[in-house]
Amino acid sequence: MSGSALREPPLPPGASYGELIGVVADPVLERGTGRPWRIAFAVTLLMTLGLGICIAWLFIQGVGIWGINTPVVWGFAIANFVWWLGIGHAGTLISALLLITRQHWRASINRFAEAMTLFAAVIAGLFPILHLGRPYRFYWLVPYPNTMEVWPQWRSALVWDFAAISTYIIFSLLFWYWGLIPDLATMRDRARSRAARYAYGVLSMGWRGSARHWHRHDALYRAMAALAVPLVVSVHSVVGMDFAASLMPGWQETIFPPYFVIGAMFSGFAMVVTLAILLRRGLGLEKVITPRHFDAMAKIVLAGSVAMAISYTTEWFTGWYGGERAELTHLGHLFTGAYAPIYYGMLACNVLIPQVFWLRAARRNLVTLFLVTILINIGMWLERILIIWNTLSHGHLPSMWHLFYPTFWDWATLLCSIGLFTFLFLVFVRIFPAVAMHDLNKRLYQEKEERA
Amino acid sequence: MSLPCLLLAEFRDPETLLDAARRVREAGFKGLDAHTPFPVEGLAEALGFRPTRIRPAMLVGGLLSGAFAYWLQWYSAVLDYPINSGGRPLHSWPVFLVPTFEATVLGATLTGIVAFLISTGLPRLHHPAFAARGFERASQDRFFLSVADPHVDAARLAALLDGLGPLSLREVRGE
Amino acid sequence: MAHDAGGSGPPRDTADSQLFPRWATLAARLGLVSLVGVPAILLGLLMALQYTPYVTGQTLVRNQPVPFSHEHHVGGLGLDCRYCHGSVEKTRFAGLPPTHTCMTCHSQLWTNAAVLEPVRRSLAEGKPIRWRRVNALPDYVYFDHSIHIAKGVGCTTCHGPVDRMPLMRQAAPLTMGWCLDCHRQPEAHLRPENEIFAGHWTPPPDQRERGRELIRHYLIRTEHLTDCSICHR
Amino acid sequence: MSAGSVLSRRQAALGLLAAAISGGLSGCGEPEEEILPYVEQPERLVPGAGLRFATTLALEGYGRGVICASAEGRPIKIEGNPGHPASLGATDVFAEAEILGLYDPDRSRTIRQAGRPVTWQEFLAALLPRLEALEARGGEGLRLLTGPITSPTLLRLIAAARGRFPGLVWHAHAPIGEANARRGAELAFGRPVSMLSRLDRAAVVLALDADPLGPGPDQIRNGHAFAERRLARAGRTEFMRLYAVEPATTLTGANADHRLRVPPAMLRDVALALAAALGAPVPRPELAAKQARFVEAAAEDLRAHHGAALVLAGESLAPELHALVHWINERLAAPVEAIAPVFPAGAEGPMPLAALVEDMRAGRVDTLFILGGANPAYDAPADIDFLNACKQVRFAVHHGLHRDETAALCDWHLPAPHALEEWGDLRATDGTASLVQPLIRPLYATRATAELLGLLQGRLDLSAHAAVRETWAEGRTPEEFEVWWRRTLHEGIVEGSAAPRFDPPEPRLPQVPPAPAADGLVLVLRPDASVWDGRFANNAWLQECPRPLTRQVWGNAALIAPEEAEARGLNQGDVVRLEVGGRSLEVAVMPEPGIAPGVVALSLGYGRRRVGAIGEGVGVNAYVLRTTDTPWTVPGVALTPLGRRAPPVLAQEEQRLEGEARELLPVIPLEEVLRAAGDASRSEPPPTFYPEFAYETYAWAMVIDTTLCIGCNACVIACQSENNIPVVGPEEVEWGRDMHWLRIDTYRQEIDGEPHPGFQPVPCMHCEKAPCEPVCPVAASVHDQEGLNVQVYNRCIGTRFCQSNCPYKVRRFNFFGYADGQEYKNLGEPVVAAHFNPEVTVRARGVMEKCTYCVQRISAARREAKKENRPIAEGEVVTACQSACPTSAILFGDLNKADSLPSRLRQEPHHYKLLGHLGTQPRTTYLKRVRNPNPALEGDAA
């Protein structure tokens, strides 16, 4: 990965172990919540309650409150699901992939990236259930002994989804938590109030930094990292197969699984950058999250954007080269249909704009970074909704062509889900060390050795 | 089950800790351990830990749960209630592999977690080491060597560590 | 923050001067186990619950406006099932006796028994007797009595020994699984025509062989019996 | 059993005698139910088994014999009566929809005076003295207003009433009617004659704005005959050729081989040119080249098929043109049969509405009975001011199903029984009489028309039943009458009652007046394919049934030619004002390729003000632009855009079929079928990795002949009625959520520069390699051993993956509880639930549903066969759509039988699979749409 570009150490030379720990831990333990945080907290709390209302109304009225219709039976719910899950990929990737590839600069970002992953994955997992016509029956996807003596239908990509996502959520939680344990011990030992010390004490399960513990911890953590990579790839491949394993024009494409995985990393990394910028500001982590980190991540985003461009063109080419009527109609609809403007917007966000990262200046300018990565995530959401709209609204039979029009509840649910995500993240940064302190210090130790 | 006696030597940096570890081990002390804020490479060897069996356990666990997942799919789709689904074969092995893979990963992970807890004895909220004053820095910027050997007392340890200049040397008494 | 209590001679700390008491470790371990175990056990119970009469209604007895005793009428008087359940051979619905049927006898017998008051009132006012359903299936299940009778499934196979029921009782769980068990291997339950309405019937020792014989005899296509469309439309 | 008693939705769904209080489909934890046996069990009635009775339903006064299925005393389904000449075993939308009409919650339930409920006795108390007085005056001022009546009993009673009241005048009002045809026949033959056209004996047919295939009392008979003559099969050369000349597309025009769009005025010239070409001494009018060529070719073709050539004149044509057409048919020895009009004409016939209104205004009407659903307050021509006239009437009685516009004007209102509730009799268009018998005890305290007419004779106790028996007992001994009565009720037709055919006199050649010169647009009015003249406006099934060709639901729109729209800068949905003679209406326009330039087509029957929750305020009332002397074509209409938009609600938005897409509904000339005769090397499935599943017992399949589909929608409503398909309402349809399991895709393809419509009924394909099944995570969509693609509602959790992966998009999802708690408007009222078919689950919210090939019928047949230890016979299973289809375009059967219809049709050269290249191996397949173009008109460009 492009992280290898970082010859020089990203950590401030001459920093001490305690100093770095202070940088990370003090915002949580010493400093009070700032005004911006409190405002953000209040707003997102309201949005979370809003999500509750959306769901309540959904269960009272039925999925008909959304814009879905007979040909376009899927809508925002599925798009949101794919989008959130995509975002929920970078974290584990950064941790695992960069760990395996010995990209030690990951230390500064992996913790909150993992948290992001966890929250995003959980929210993503919410949508397929909400989208069901009879959500209270979702557990029929689980193979369990029942008086009906019937089983899930294993050939369905949704069953794969269910398996993949539940695995992924459990895995992400454990991976995140196990990385957190030593830091929780640190918090326990730094905390002033007795309550906090008890809380962190219980959470850290009595971690005492024993060499034995470290030894086992290292073995487990690296093994999990090794498992994480194929898992992440499998999860979004399966999501890709939700569409690819069909025979609808614009869906039935072998490129979908890899294309979805790349898309996921792309949007995920974009989100990490966005959050990194905010965290750096909010928690004053300038020391540990340096321009070099952004530079590296921007390069990855750029690579993702190029990969997306390739995926799109492949899609167009195969569609055109296949020459099947429905496929051609679908292609024509992409570029000239009712959704064409959105489609062009999507291309701009995902392919055109990220090209600014060829410029070093842009890679290191936080404002640019922030705006571009936000645009990328908007673009990626548009991509997901368009995959659904374009195919389902213009299927094989012209007689069943019908467009999708979003309703208030479509938008409300989407926005409130973003609210919930932010809410969880805000809580996270107030309770947990947003950066892996033991990793930082380990990195510091290594740099000292390298210098020595 | 707290040890009758626990000796803790505190150091400023990992290197010294490593030397100390080697020395006490050569001296044939038992019950050696160290407490550090981050994993120090070579420490495990220095203290003479045997390689852990977590990963083999994960492999076995993963394979078992994967096998179970595949069997379950085969049993339910072929044996228990065979249903013609879109003219696909009852034993659609290629698709059965997907849930199988996920199950393997999950199984391996959970096994690993359990193995970790067992092999480390965590959670363990109460431990003599915590009683040592200043031990809280073991999770921050101090490096402790701990000896739990009834035949060793503070004096012998101090003598042995002569020259490495431990910041402090303390012993924890259980009753 | 941490204070370094350096001093002469190795200072001694006692094992109890720490954040958590000794029992905390055990508590934490139990806590961790129950964190996983308790939900698992609850789910398990929930699954098991589905099989209990509490959910299936098996062995359930309901009080009826008239305490009609199958034991007396079938076991005692030896009435044929079809005397009251007239349409059992013809249609989906076994049929319940019109008040008129009851009165064929009870206009002579027990003409002023108190328990029969509702029957007499029904006839007088032309209002039906409101029986309470005992063997109820969900409305998306299309069970047809006549075909089962025609293909050698006896009454008591599902309804149990009614000739020993003072008040009607739900004999079978009536779950889909229970239906499937028979639809998967009917040979275990099939009877020859003349025994279908037998009050209570115990399978002969060689039922398996007889059953297979009867499957051929009744021309039953077993492979079709587990189709969803057999019961659901 | 007290079937009239209001049933709970569940009870209907459950179809037992049990009133079940129950949760949704999920049915977890059985709730307590009650079972109510009969006190006295009616003989014949077996609990759990349905019954079928023959009866007759009226349209425009003419009878269509039907067989009505009832479950536990509830009528639940209408089917055709094979023995009846106007049904021949098939139905039309109106007949099918009568079921919902019966349970319409908006039906009037009580007698009212000035809107306040009163008793029958109070009514009698008010009426009888009047009648005494009237009798003294010889009935002066006593008037009857009815719709068209063919019922022998009612005619007899009216005659009898006249006996008591010599001064009684009977008026009949029919907004659609057949006035022009009658006057034309009188012009030609000098006396009332009605001509029955026999399409089944015609080889060449030219329709002058005639719509034999369109909605109407004769649609089924004509459709059947049409199908007989247009059966495209390998090696079968006989194939009718159909020409149509019309201003706005009718179903006949849509199915024609050659169609000429002309403004109404031009019809006269075409008719004259045709007559001239066939040797009539009439001035040969000037025609444009294209039209001349068309007429030339058509005339040539007609002449060439002497004896089997037929020209049809539409009701909209002037009487003179009808007469002219009679003359032409005479010349061609056309297959037409003359009978005395079934609907009484001349002296014993009724007077027109206009005369009544005149007298009313003059105060010459003292007592007025409005019977049989006549509704002049709504559908009288605009120049007849019924409203004010009604104020002059002292004692006006309205008798009808609804408290409609007319009821609002009358002091008294009496609720009328529904056709399925009362006794009666009717005659078909060919005079065949049949009995009407009730399927259910009247739901409300209604009085039959016969009873009211009985009152006029002072017979207070005359029941409809008695009246009908009296009528038919004449000339029969009591014994033979009883036998006759039972047999006739069973057969559903009075033997030998068809009107005698006779040879009409030589038709006279009429003087055809010059066409009225008019500027501006010409408004063409049509009866509506769904609400007819407005009487069905409150029927939700019909309102939501996509109109043929436009596929519009819940309303009407002003149809104009696309070029016209372009010229005026109008887009679909733009609201315009149509103005003529100081009267105007505002309506949304809709470009329709079949409309002649300069023409605006608008269907009648909408804009009802008082009818019920379903029909009120739907669409625009076209009657306001109609006058007595311009009933069908209103010239000189001014069209002004209003800048507003109100897009019509369409069930199908895209109808164009261009380029490769034509493979979806190929239109081929007859030669291709004939040439390919015998070639059966077709339809081998594409290669597949998967092992083929063996279907040992039955392999159900359906073949749909798109050549025969005339787009009448009967199958759609039949399916809706059979399978408990809910109505969702206009808003939901606009969202794109209509629930019809069977839809009639309508496509237009340019052929020789003319838009050529084609109809393609699309039910579930029941693919052997169904894409919907492997994607269902809970196995709710699976195959059974007979190859049915079954949808298990109670297993479905509503992922909708099946529908998103269905290339045919035939699946329907309950986005709301359309049938289960969130019904449209008043369709949730308990009485409506009585129409549910107990053999089919009522689907809950959140589950997917779709065409099942009427699995309940298959299952019933299978169970019967099994009980008798025999296989299901060929033709024993008939799906609802198949049984409704008047042209037998839908054929269902077992592929494992080599001689079954589907097996044989799959060998036809023009057999094809919709989207066959996807490898779904559909069980529902199609025959291409075959045209029989006239070579002389081929390659006709521009």
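Below, chain A is the first sequence line, B the second, and so on; all start at residue 1. What you see below is based on every heavy atom in this structure, not just the backbone, and it leaves out hydrogens, waters and symmetry mates.
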Would you say that more than 12 heavy atoms from the other residues, nucleotides or ligands in this model lie under 6.0 Å from the NE2 of C/His100, or not?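 Count not over threshold, so no.
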Counting only heavy atoms from other residues, nucleotides and ligands, does the tally under 6.0 Å from CZ of C/Arg210 exceed 12? no
Select one option (side chain, backbone, both, neither) describing which atoms of [X] are under 4.5 Å from chain D's heavy atoms.
X        : value
C/Arg221 : side chain
C/Leu123 : both
C/Tyr54  : neither

Is the shortest heavy-atom distance from the side chain of C/Glu223 to the side chain of D/Thr697 under 4.5 Å?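 Yes. Closest side-chain heavy atoms under 4.5 Å.
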If you define the side chain from C-beta out and look only at heavy atoms, does anything of C/Ile147 sit under 4.5 Å from D/Lys866? yes
Interchain contact, [X] with chain C, by part (heavy-atom threshold 4.5 Å):
X        : value
D/Tyr698 : side chain
D/Arg862 : side chain
D/Ser859 : side chain

From [X] atom [atom1] to [Y] atom [atom2], the distance as rounded to the nearest 0.5 Å:
X        : Y        : atom1 : atom2 : result
D/Asp784 : C/His232 : CG    : NE2   : 12.5 Å
C/Tyr140 : D/Arg795 : OH    : CZ    : 11.0 Å
C/Ser229 : D/Glu786 : OG    : CD    : 6.5 Å
D/Leu788 : C/Cys228 : CG    : SG    : 11.0 Å

Please determine whether side chain to side chain contact (heavy atoms under 4.5 Å, CB included) holds for the pair C/Lys151 and D/Asn869, giving the CA-CA distance in whole Å, both sets of side-chain angles, and the decisive distance to 0.1 Å. CA-CA 10 Å; C/Lys151 292 301 169 185; D/Asn869 291 327; 2.8 Å; yes
Looking just at side-chain N and O atoms, do C/Ser146 and D/Arg863 make a donor-acceptor pair shorter than 3.5 Å? no
Looking only at non-hydrogen atoms, find the nearest pair between C/Arg233 and D/Thr841 and report the distance. O-OG1, 2.5 Å
Are C/Arg92 and D/Glu839 close enough, and set up right, to give a side chain to side chain contact (heavy atoms under 4.5 Å, CB included), and what steps lead you there? CA-CA 10 Å; C/Arg92 194 174 73 222; D/Glu839 294 298 319; 2.2 Å; yes
